[in-house]
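Residue indices begin at 1 and follow the sequence shown.
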Amino acid sequence: MELELTRETLRFERLVTQSEEQVTIEGEATLPGSMRDAVTVLSVQAQAHLNGAQAGAGEAAVRGRVCFQVLYTQGDLTRVRALETTCDFDHTIVMAGVTPQMRLSATASVQETEGMASSGRMTLRALLGVQVEAFETVDKELITGAANKTRAPSVPSVLSVPDMGDTSDADGSDASESPGGLQTLMQSVTFCISEALGSEKTLVREEFDLPAKLEVGDVLSATGTATVGEFTGGSGRVGVSGVIEVRVLHRPMEAGNPLVITTHELPYDLSIDAQLPDGAQPRAVAEVIDVMADSTATDKRRTLRVEAEVQVSLHLCRQKDAQLLEDLYSLSGPEIEPVTETFDVHTFEETADVRESARLQVTLPKDAPPIDTMLAAFVQPTVTSVSPSGRRLDAEGVMGVTLMYLPVDSDIPYAVHTREPFAMTFPVEASEGVSAQAYAIESTPGPTTSDRAEVRCVLGLRTTQHGVRRLTGITDVTMKPAGKQEHGFVLVWPAAGETRWATARRLRVAEDSLRPAGKNALLAFRK
């Protein structure tokens with residue numbers, strides 16, 4: 001028997017390796033005023049932005065910057081001041097198996113911050129959690145079909161035997177028979193290749209009226225997050241629109257009152273040069289690069305001016321469905337043996353960005369002064385484990401909490417830094433292997449007693465999940481002389497877990513010729 005084999009070179013990605021590492025970033029800033037002034041650091045918050053990741057020989061180099069926002073007192077210890085500074089960084093992560101041609105996907109989140117003032121300078125430190133994934137693009141020639149050479153190849157068709165039940169294997173593959181007794185088993189595979197389509201920045205400016213009842217003074221700091229709304233356009237350009245949510249921290253009008261946080265929404269719209277295939281579903285990631293805010297007051301009102309820069313990156317996961325030959329054998333003549341190779345393929349990529357609220361009960365350390373008036377609260381979450389639960393994702397971790405308050409019988413702000421365990425459930429569907437990073441959106445101090453406080457916080461959770469399938473493909477086919485085989489009826493009891501295809505292949509009979517014979521036995525007629 002001569003076979004006609006159909007070969008096809010398929011291109012796909014495979015996930016080579018993943019790595020997660022903690023990186024310490026340090027920065028410095030000069031404090032205004034006299035070097036002799038007493039300085040107290042109250043709060044250090046930060047955001048991390050990655051500018052790129054480059055694959056090397058056995059390593060991955062990531063670069064980015066950390067934006068610090070610091071609240072402190074200097075000289076006049078009753079007056080809260082603010083300082084903002086940016087620190088660029090480059091870091092190399094050792095990743096075995098990585099080569100310069102591979103594609104890297106990297107994310108970073110701030111897990112912990114601290115600051116120290118001395119001799120007129122502020123030394124800042126941020127602990128980042130950096131996650132990197134390396135992907136390799138592979139071209140592999142596989143056999144996608146087989147038929148007797150003397151006859152035209154037949155189109156695979158699903159076998160259906162109503163009185164026998166379902167003849168398909170557990171993985172959904174279908175069996176087909178071509179003329180001459182050749183039996184073939186096909187498998188459906190989805191390949192995925194991710195690519196970056198481009199990125200673009202835009203600057204958005206807006207003014208807002210601040211109600212007089214807020215009784216706010218100057219702006220201390222501002223942060224922002226961005227979401228993607230919809231895609232528009234075509235002809236080589238993709239329009240992306242969404243909303244930037246900016247949170248501004250204001251000094252109170254009267255000393256001793258809590259700091260005030262206001263939230264403002266700024267719509268944005270930009271376009272990216274990109275060509276989308278028909279039916280493609282692009283994915284856009286929006287990140288606020290910089291936020292500036294200032295306010296001016298008149299006799300009747302205060303006006304807030306906000307300027308935010310957002311960067312949107314457009315990605316696409318190209319998916320291709322293919323039918324591959326999974327197995328084959330002949331009913332008579334030489335025995336056919338496939339030459340197989342097993343490898344992993346990247347089948348899909350899913351991301352989600354959700355948020356959820358929680359309440360934390362924080363008890364002061366024994367040596368901390370009792371609370372009189374809460375001024376502000378800040379949180380920094382670190383996710384240590386995630387567990388899928390149906391359409392929700394359970395997350396556990398550690399929350400860095402900073403409480404700013406006025407102690408009893410004192411008008412000098414005091415700060416307490418603690419780390420509290422937390423457990424939250426986020427509204428996102430995921431499966432095992434999902435990676436997640438949390439970030440703080442909002443935190444508000446609630447009712448307090450003299451030795452404890454409640455913090456209401458809103459956390460965001462970014463999740464990424466990659467589909468990886470272990471695939472066995474046929475690269476060649478060999479033949480060997482047939483062994484001695486008796487003819488007639490055969491009664492067989494398949495081994496536990498053995499598929500109908502495997503049983504038919506072992507007996508060298510057509511799968512549709514197997515008939516149930518009671519007590520899990522199968523009866524076949526071998527010509």
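Looking at Phe348 and Gln319, their side chains come closer than 4.5 Å, going by heavy atoms from C-beta outward. Annotation: side chain of Glu133 is not in contact with side chain of Ser19 (no heavy-atom distance under 4.5 Å). Between Asp218 and Leu220 the shortest side-chain heavy-atom distance does not fall below 4.5 Å. Side-chain contact between Val306 and Leu304: present, with at least one pair of heavy atoms (C-beta onward) separated by less than 4.5 Å. Looking at Thr73 and Thr78, their side chains never come closer than 4.5 Å, going by heavy atoms from C-beta outward. Between Ile244 and Val204 there is a side-chain heavy-atom pair separated by less than 4.5 Å. Looking at heavy atoms from C-beta onward, Val240 lies out of side-chain contact with Thr232 at the 4.5 angstrom threshold. Here the side chains of Glu112 and Arg419 are in contact, with some heavy-atom distance below 4.5 Å.
Ion pair Arg470/Asp344 flagged as a salt bridge, since at least one NZ, NE, NH1 or NH2 atom sits closer than 4.0 Å to an Asp/Glu carboxylate oxygen. In summary, Asp294 and Arg305 do not engage in a salt bridge, as defined by a charged side-chain N under 4.0 Å from a carboxylate O. Under a 4.0 Å N-O distance rule, the pair Arg283/Glu350 does not qualify as a salt bridge.
Residue Asp209 places its CG atom among more than 12 non-hydrogen atoms of other residues, nucleotides or ligands, all under 6.0 Å distant. Crowding of Glu28 atom CD: a count of heavy atoms from other residues, nucleotides or ligands under 6.0 Å exceeding 12. Other residues, nucleotides and ligands place more than 12 heavy atoms under 6.0 Å from the CZ atom of Arg121. Within 6.0 Å of the CD atom in Glu420, the count of heavy atoms belonging to other residues, nucleotides or ligands exceeds 12.
Once rounded to the nearest 0.5 Å, the distance linking CE of Met424 with CG of Leu360 reads 8.5 Å. The distance from atom CZ of Phe135 to atom CE of Met102, rounded to the nearest 0.5 Å, is 11.0 Å. To the nearest 0.5 Å, the span separating CZ on Arg251 from CG on Leu375 amounts to 12.0 Å. Atom OG of Ser241 and atom OH of Tyr268 lie 7.0 Å apart (nearest 0.5 Å). Here Thr113 contributes atom OG1 and Gln47 contributes atom CD; the two are 10.0 Å apart, rounded to the nearest 0.5 Å. Within the model, atoms CD of Glu26 and CG of Leu124 stand 9.5 Å from one another, a figure rounded to the nearest 0.5 Å.
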* To do: Dump the intermediate steps for side chain to side chain contact (heavy atoms under 4.5 Å, CB included) on Thr418 and Val416, then the final yes or no.
  => CA-CA 7 Å; Thr418 66; Val416 170; 3.7 Å; yes

* Does the pair Glu245 and Arg355 meet the rule for a salt bridge (Lys or Arg N to Asp or Glu O under 4.0 Å), with working shown? -> CA-CA 13 Å; Glu245 193 172 10; Arg355 59 179 62 185; 3.4 Å; yes

* **Derivation and outcome, side chain to side chain contact (heavy atoms under 4.5 Å, CB included), residues Met122 and Val70** => CA-CA 9 Å; Met122 181 82 72; Val70 185; 3.9 Å; yes

* Please step through side chain to side chain contact (heavy atoms under 4.5 Å, CB included) for the pair Leu461 and Asp353, ending with a clear verdict. => CA-CA 6 Å; Leu461 188 75; Asp353 199 337; over 6 Å; no

* To do: Evaluate side chain to side chain contact (heavy atoms under 4.5 Å, CB included) for Leu128 paired with Phe89, printing each intermediate quantity in order.
  => CA-CA 11 Å; Leu128 307 185; Phe89 70 89; 3.9 Å; yes

* Evaluate salt bridge (Lys or Arg N to Asp or Glu O under 4.0 Å) for Glu13 paired with Arg103, printing each intermediate quantity in order. => CA-CA 10 Å; Glu13 274 189 335; Arg103 177 180 70 88; 3.0 Å; yes

* To do: Start with the C-alpha gap between Gln437 and Thr107, add the side-chain angles, then the distance that decides, and say whether side-chain hydrogen bond (donor to acceptor under 3.5 Å, both in side chains) holds.
  => CA-CA 9 Å; Gln437 290 183 324; Thr107 57; 3.1 Å; yes

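A donor-acceptor contact under 3.5 angstrom links the side chains of Glu349 and Ser194, judged on distance only. If you check the side chains of Glu21 and His91, you find a donor sitting under 3.5 Å from an acceptor. Counted by atom type alone, Thr464 and His466 present zero donor-acceptor pairs between their side chains at under 3.5 Å. Donor-acceptor pairing under 3.5 Å is recorded for the side chains of Glu454 and Gln361. Using a 3.5 Å distance cut-off with no hydrogens or angles, the side chains of Arg247 and Thr223 do not pair a donor with an acceptor. If you check the side chains of Arg392 and Thr425, you find no donor sitting under 3.5 Å from an acceptor. Side-chain contact annotation: His315 with Glu195, donor-acceptor N/O pair under 3.5 Å absent. Looking only at atom types and distance, the side chain of Gln45 has a donor-acceptor partner in the side chain of Ser43 under 3.5 Å away. Looking only at atom types and distance, the side chain of Thr190 has a donor-acceptor partner in the side chain of Asp321 under 3.5 Å away.
Checking side-chain atoms of Thr384 against main-chain N and O of Glu396 turns up a donor-acceptor pair under 3.5 Å. One N or O on the side chain of Thr347 and one on the backbone of Gly467 form a donor-acceptor pair closer than 3.5 Å. Remark: the backbone N or O of Pro211 is not paired with any side-chain donor or acceptor of Arg301 at under 3.5 angstrom. Looking only at distances, no side-chain donor or acceptor of Glu429 sits under 3.5 Å from a matching main-chain atom of Gly390.
Heavy-atom minimum distance, Thr382 versus Phe422: O-CE2, 3.8 Å. Here the closest heavy-atom approach between residue Ala368 and residue Tyr405 is recorded as CB-OH, 3.8 Å. Closest heavy-atom contact between Ala106 and Val62: CB-CG1, 4.2 Å. Across Arg302 and Gly217, no two heavy atoms sit closer than the pair NH1-O, 3.5 Å. Nearest heavy atoms, His49 versus Ile289: NE2-O, 3.9 Å. Shown here for Ser199 and Ser313, the closest heavy-atom pair between the two residues is CB-OG, 3.6 Å.
Under the side chain to side chain contact (heavy atoms under 4.5 Å, CB included) rule, Phe68 has a single partner from Val110, Val44, Leu83, which is Val44.
Annotation: cation-pi pair Arg462/Tyr439 present, NZ/CZ under 6.0 Å from the ring centroid and within 45° of its normal.
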